[in-house]
Amino acid sequence: MAIRPGDRYASLNRRATFDYFIEERIECGMILHGTEVKSLRQGHASINESHASQMGGEIWLFNCYVPAYKQSRENHEERRPRKLLLHKKERNKLIGAIKRDGITLIPIGIYFNERGIAKLELGVARGKKKQDKRASEKERDWSRQKSRVMRGES
């Protein structure tokens, strides 16, 4: 599922497309505590070092940093594993993809949809090698140069 213009990011993993080939994007929900949602609404979360994996027949998000909400007395654990909410078919498909060689689940972004519900965009990804990263960087630089030339800048 693509993120629509009305959705707003709480956290974004900018390195995901640089380090991985994203083969498929999936929208899923997360089980969150109240203070986690309030902290996400302030935009203080980080998913740069996180990943999703299988544990006990379910898909979990590991190492996602959601800081404590300052105005609360009782807070959540900041780096706790968070269960992802998926349909059974999607879950089984992702578990099968994880078992294949070289496939990993990378969080691309956490956002709030038009109903105000926190969603996670998860990417089924294959890691890039060093030469692939150089090629994508070269391509990005070329497109940037091309757009400058088209605008008439030097």
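Across every non-hydrogen atom of Y111 and Y9, the tightest pair is CB-CA, 3.9 Å. Closest heavy-atom contact between S11 and S46: OG-CA, 3.7 Å.
Separating the CZ atom in F21 from the OG atom in S136 is a distance of 7.0 Å, to the nearest 0.5 Å. Atom CD1 of residue I98 and atom CZ of residue R100 lie 10.5 Å apart, to the nearest 0.5 angstrom. Atom CD1 of I59 is separated from atom NZ of K83 by 11.0 Å, given to the nearest 0.5 angstrom.
The backbone N or O of Y69 lies less than 3.5 Å from no partner atom in the side chain of S72, so there is not a single donor-acceptor pair. For the pair W60 (side chain) and S53 (backbone), a donor-acceptor distance under 3.5 Å is absent. At distances below 3.5 Å, at least one donor-acceptor pair connects side-chain atoms of N13 with backbone N or O atoms of P107. Side-chain atoms of E78 come within 3.5 Å of backbone N or O of A68 as a donor-acceptor pair. Within the 3.5 Å criterion, the main-chain N or O of N63 finds a donor-acceptor partner in the side chain of R79.
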Under the criterion side chain to side chain contact (heavy atoms under 4.5 Å, CB included), I'd like the reasoning laid out for L86 against I26: C-alpha separation, chi angles, the key distance, then a yes or no. CA-CA 9 Å; L86 294 158; I26 296 170; 4.1 Å; yes
Just do the side chain to side chain contact (heavy atoms under 4.5 Å, CB included) check on C64 and I110 with the steps written out, would you? CA-CA 10 Å; C64 175; I110 298 175; 4.2 Å; yes
Test H87 against K93 for side chain to side chain contact (heavy atoms under 4.5 Å, CB included), laying out the working first. CA-CA 10 Å; H87 291 285; K93 182 176 151 185; over 6 Å; no
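A chain of hydrophobic side-chain contacts below 4.5 Å, direct or via other Ile, Leu, Val, Met, Phe, Trp or Tyr residues, connects L84 to I103. Clustering ILVMFWY residues whenever any of their side-chain heavy atoms sit less than 4.5 angstrom apart, transitively, puts F112 in the very cluster that holds L120.
In this structure, V124 and L105 have side chains that are in contact, with non-hydrogen atoms separated by less than 4.5 Å. The shortest distance between side-chain heavy atoms of E90 and N92 does not fall below 4.5 Å. Put simply, the side chain of E27 does not reach to within 4.5 Å of the side chain of E121, judged on heavy atoms. Looking only at side-chain heavy atoms (C-beta outward), I95 and K99 come within less than 4.5 Å of each other. Residues L122 and L94 are in side-chain contact: their nearest non-hydrogen atoms beyond the backbone lie under 4.5 Å apart. Between I108 and R25 there is a side-chain heavy-atom pair separated by less than 4.5 Å. No side-chain heavy atom of K128 sits less than 4.5 Å from a side-chain heavy atom of D19. Side-chain contact check for T104 versus Y20: some heavy-atom pair is nearer than 4.5 Å.
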Can you give the donor-acceptor pairs under 3.5 Å from side chains of residues 28-44 to other protein atoms, not counting sequence neighbours?
residue, atom, partner, partner atom, Å
T35, OG1, H76, ND1, 2.7
E36, OE1, H33, N, 2.7
E36, OE1, R80, NH2, 2.8
E36, OE2, R80, NE, 3.0
E36, OE2, R80, NH2, 3.4
E36, OE2, R82, NE, 2.9
E36, OE2, R82, NH2, 2.8
S39, OG, P67, O, 2.9
R41, NH2, G116, O, 2.8
Q42, OE1, H44, NE2, 3.4

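Under the 4.0 Å criterion applied to side-chain N and carboxylate O atoms, R144 and D141 are assigned as salt-bridge partners.
Remark: Q131 engages K129, R134 in a side chain to side chain contact (heavy atoms under 4.5 Å, CB included) (not counting sequence neighbours).
Counted within 6.0 Å of CZ on R14, heavy atoms from surrounding residues, nucleotides or ligands total 12 or fewer; the atom is thus considered open. The local environment of CD in E74 is sparse, with at most 12 non-hydrogen atoms from other residues, nucleotides or ligands closer than 6.0 Å.
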